[in-house]
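Owing to the predicted nature of the structure, the values given are computational and were not obtained by experimental measurement. Start at 1 and go down the list; that is how both ligands and their atoms are numbered.
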Amino acid sequence: MTSILAMQEVKKHFPVKRSFIEGLVGTKAKQVRAVDGVSLDIIEGETFVLVGESGSGKTTLGKLALRVYLPTSGKVIFEGKDISALRGKGLKDFRKSAQMVYQDPVAALNPRTRIGEAIGEPLRFHGVRDSSARRERVLKMMRKVGFDPAEDFFTRYPHEISGGQRQRVVIARALILEPRFVVADEPVAMLDVSIRAQILKLLLDLKGEMNLTLLIITHDIAIAKYFADRVAIMYLGQVVESASKDEVFENPMHPYTKALFSSVPVPDPEASRRRLIIKGEIPSAITPPPGCRFNPRCPYVFDRCRVEDPMLRRSGDGHLVACHLYDRAGQRAEGEHSH
Ligand code: SF4
């Protein structure tokens with residue numbers, strides 16, 4: 001299995017602007033630790049789903065994967081190369097190979113640009129000057145994403161098509177350069193529930209047809225259940241659990257993962273009674289809690305959790321978890337209470 005994208009201890013901290021008073025009294029500048037030490041490997045050809053609630057740092061992580069942001073520290077390796085070090089042609093090739101599907105098609109599309117031109121813009125930017133060659137490639141891509149007949153839609157403006165069709169345009173534009181790696185950040189969050197499954201299915205069909213590797217970023221654990229090969233769960237800037245989809249859903253280990261599953265409605269009253277409810281909001285990424293970041297919300301918290309940050313450790317076949325409840329062998333640590 002070849003890794004297409006690897007993150008090695010990646011951090012992204014953003015400075016917080018000091019207020020006038022803070023500047024006067026010399027208060028030390030604060031940092032938002034949006035991504036704080038993430039290591040992961042995405043395997044060529046897979047659908048990797050990154051799940052986290054708002055404020056977990058998942059969107060920042062997606063932008064680091066595409067070099068929209070450069071890391072504060074750590075490395076992002078794409079096909080064996082550190083993307084921070086890319087320049088000139090190497091950088092241009094990377095920009096062709098790795099693309100983003102944005103969550104909000106209204107914001108992503110210029111209302112005054114016809115959709116055929118919008119889809120063809122990356123071709124123009126990457127040197128396809130012949131307008132009839134561009135048009136042919138755009139029409140072919142439009143057919144692939146479900147515009148039929150594509151010619152009828154080519155000259156329409158974004159406001160003349162539906163929300164689902166606009167998201168198909170965004171997908172077509174991301175795929176027109178035939179990338180190998182695509183990050184889709186909440187690709188269906190802005191769409192009607194009735195068409196979400198169609199758009200996700202389209203992405204997966206295109207993945208198969210075009211040999212893509214997909215990183216889907218979502219707050220919705222159900223998307224991981226139906227579409228992932230592997231899943232990572234992110235909490236407050238860190239990956240707390242990662243495994244194959246089957247492993248995560250059959251054997252969730254981290255208390256936060258269990259709580260995420262508990263928040264999905266289930267018809268079985270017995271299962272409802274066993275649900276693990278977490279209290280409170282995700283804390284600020286400016287001053288994350290010391291020790292395990294989940295400790296103020298964790299029903300299993302014990303003394304060690306408040307002082308020692310758990311490492312992401314292997315716990316069984318390809319299953320990684322960052323929690324003091326599990327020892328190196330992947331069992332509950334002895335002497336610690338269970339719920
Ligand atoms: Fe909960 Fe402690 Fe595990 Fe953190 S390390 S998830 S606080 S049990």
Checklist entry - Given the rule in the side chain to side chain contact (heavy atoms under 4.5 Å, CB included) test, do M190 and V106 qualify, once you have shown the distances and angles that lead to the verdict? => result CA-CA 9 Å; M190 309 290 278; V106 175; over 6 Å; no
Next on the checklist: Less than 4.0 angstrom from a charged side-chain N to a carboxylate O is my criterion; do E53 and R297 meet it?
Outcome noted: yes
Checklist outcome for this item: At a cut-off of 2.8 Å, protein N/O/S around atom 1 (Fe) of ligand 1 gives C298 SG
Checklist entry - Can a cation-pi geometry be assigned to R135 and F154, taking NZ or CZ under 6.0 Å from the six-membered ring centre and within 45° of the ring axis? => result yes
Checklist entry - Taking the inter-plane angle between the rings of F94 and F78 on a 0 to 90° scale, is it parallel (under 30°), tilted (30 to 60°) or perpendicular (over 60°)? => result perpendicular
Item to check | D152 atom CG: more than 12 heavy-atom contacts under 6.0 Å | outcome: yes
Checklist outcome for this item: In short, ring pair (Phe, Tyr, Trp, His ring centres under 6.0 Å) pairs touching residues 213-239 with sequence neighbours left out are Y235-Y256, Y235-F294
